[in-house]
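Only one structure is covered here, and it is reproduced in the block below.
Proteins get letters first, then strands, A, B, ... in listed order; numbering begins at 1 in each.
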Amino acid sequence: MDNFINIVNLIYLASAILFIVGLKNLSSPSTAVRGNLLAATGMLIAIIVTLLNQKIITYEIIIIGIILGALIGTITAVKVPMTAMPQFVASLNGFGGGASTLVASSALISIINQNQDPTYYFSISTIFSVIIGSVTFFGSILAFGKLQGLISEKPILFFGRHVIIILLIIITITLGILVILNPSNLIFLCILIASAGILGLLLVIPIGGADMPVVISLLNSYSGLAAAATGFVLENNLLIISGSLVGAAGLILTNLMCKAMNRSLKNVLFGGLGAVATTQDDSAEDVYEGKVKSSSSEEIALLLDSANRVIIVPGYGMAVAQAQHAIRELSNILESKNINVDYAIHPVAGRMPGHMNVLLADADIPYEKLKEMDEINPQFKETDVVIIIGANDVVNPVANESNDPSNPIAGMPILEVTEAQVIVVIKRSLSPGFAGIPNPLFAADNTLMLFADAKQAALDLTTSMKNL
Amino acid sequence: MEAIIFAITVFILAIFLGVELINKVPPILHTPLMSGANAISGITIVGALIAAGSDNQIIGTIFGFIAVVFATINVVGGFAVTHRMLYMFRKRK
């Protein structure tokens, strides 16, 4: 028996190594596919060796569960359109968190069932796992709802929310202590799950729109930490190692996203940016009045025809209009005229980390053409035409100028499009972006506005280019 | 007590390892890294299998069953969609 456990633990170690090497490979483009396969192999080995565990007395329930989960997982993963990827990732985070909560709860119930008293170590680990898992699960459900458009994407702020959240944290901790003191009373456990769940909902409700990349990264991190906490419950090093790795990965992404907005995590989580309806109509008029030049697709086509280098800046508007394929058509025709086309991707463009890259790759745009901010910014000087499709705050030059603390994007690194010869902005109206402030770029001397839906505009431009 | 210290040691070291491993991720890989890492966090399936299959109260077994379903969706869906995205990045060179 001891030998068997030792062998199982050594095989778990092999799985952990496969996860580590897999993650390492996942962070570099040339090895990423292999990395993912290595990690999947590690998972398969871990599952098989676990099934040999002698604690398992029935396999029917397990088999039904695995078949059901594998069917749902495979079908959704194959069918989900790339445009729905943010909400799909959000739901995956939720499932991971939910599973952790349930496993830890079940382990506690099992100990009670054997008429044993759980150790404090066991109970404390259990409540950590239950709380983090439940926050992740319910927070992810809400994030899914927002991204899917089932719930308003606008941040919802309510009076006294900070007080309510602090109260709820105190209630959750108190319930946790009650569970530790009365582990056999499952009512406390259930209320603890509910209370942590409400906390998860309240933490995500005030965040919306352009801040979603931070939320998704953070929930990703939580799902890992929940798995690690479950590892403490089960005294299983594989869970602790894998969970911590994922927790760290999520934190790194969260940090990257915050840096790309020049905001602290606290400000993103509790600042409620974008919730207040803009009352800056006057300043918008000052910025725009008499200076905005509206153009036509024919005029812009002429301009593009004489260009040598064009950079396309996509934003969330491209995702909403599902314009990526039309944009691909447009860049095809530009390239057929020997015009060099690249794409400038801001780290927080869209609703999750890497959102624009996924959409453009889906439209068969080679990833060598997707340039990150630091690489492309020095190149705008030598660019004839920049086409901005559905991006706003990430190209707002106010971010560079203003030290005004009321300016929500002050200090945010932006794509320096103003250095290009001509800037074409495709946008339906002059309405502000998520930050709710006017964008002087639209009124700049070398900016032309093309007021249209992103997809329609790309199609019109393609037609106009063909007709030249 | 020794077990706790050992578990905490593993936990802390693994976090540092994670930070070192994934220090520089090109933005192109942000989404697949997230979904791939997420699939790895589905490792709770190991606990879920035991929870669902071992001798327990009916409520414990039900929790275990739902956990198996959730964790399997997490694992299978996560790895599959990551592969799909990475393949998409790779197909045109």
- [ ] Report the C-alpha separation of A:S129 and A:S100 in whole Å, then their side-chain angles, then the decisive distance to 0.1 Å, and conclude whether the side-chain hydrogen bond (donor to acceptor under 3.5 Å, both in side chains) test is met.
- [x] CA-CA 6 Å; A:S129 172; A:S100 289; 5.1 Å; no
Proximity breakdown for [X] and chain B, heavy-atom pairs closer than 4.5 Å:
{"X": "A:T74", "answer": "both"}
{"X": "A:I66", "answer": "both"}
{"X": "A:K369", "answer": "neither"}
{"X": "A:N53", "answer": "side chain"}
{"X": "A:I252", "answer": "side chain"}
{"X": "A:S221", "answer": "neither"}
{"X": "A:A70", "answer": "both"}
{"X": "A:N36", "answer": "both"}
{"X": "A:M85", "answer": "side chain"}
{"X": "A:L37", "answer": "side chain"}
{"X": "A:L256", "answer": "side chain"}
{"X": "A:V78", "answer": "backbone"}

Q.
Between B:I28, B:V68, B:V10, who has the most heavy-atom pairs with chain A when the cutoff is under 4.5 Å?
A.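 Winner by heavy-atom pair count: B:I28.
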If you count heavy-atom pairs within less than 4.5 Å of chain A, which of B:G18, B:A39, B:G77, B:A80 leads?
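Sorted descending by pairs with chain A, the first entry is B:G77.
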When only pairs under 4.5 Å are counted, which of [options] shares the most heavy-atom pairs with chain B?
{"options": "A:A46, A:G73, A:S244, A:G231", "result": "A:S244"}
{"options": "A:P86, A:G224, A:S15, A:S242", "result": "A:S242"}
{"options": "A:N237, A:L234, A:L370, A:T76", "result": "A:N237"}
{"options": "A:I241, A:I72, A:L239", "result": "A:L239"}

message = Counting only non-hydrogen atoms closer than 4.5 Å, does B:F16 touch chain A with its backbone (N, CA, C, O), its side chain (CB onward), both, or neither?
response =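 The answer is neither part of B:F16.
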With a 4.5 angstrom heavy-atom cut-off, could you sort out which part of B:L13 is near chain A: side chain, backbone, both or neither?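 Contact with chain A is absent: no heavy atom of B:L13 under 4.5 Å.
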Exercise for review: Would you please indicate if the ring centroids of A:F95 and A:F137 are separated by under 6.0 Å?
Suggested key: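 No - the distance between ring centres of A:F95 and A:F137 does not fall below the 6.0 Å cut-off.
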With a 6.0 Å cut-off on ring centres, are A:F232 and B:F11 close enough?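 Distance test on ring centres: under 6.0 Å, yes.
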(request) For residues A:L219 and A:T136, report the shortest heavy-atom separation together with the two atoms involved. (result)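 Heavy-atom minimum between the residues: O-CG2, 3.7 Å.
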- Minimum-distance pair of heavy atoms, taken over all atoms of B:P32 and B:F89: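 Nearest pair, atom of B:P32 first, then B:F89: CG-CE1, 3.7 Å.
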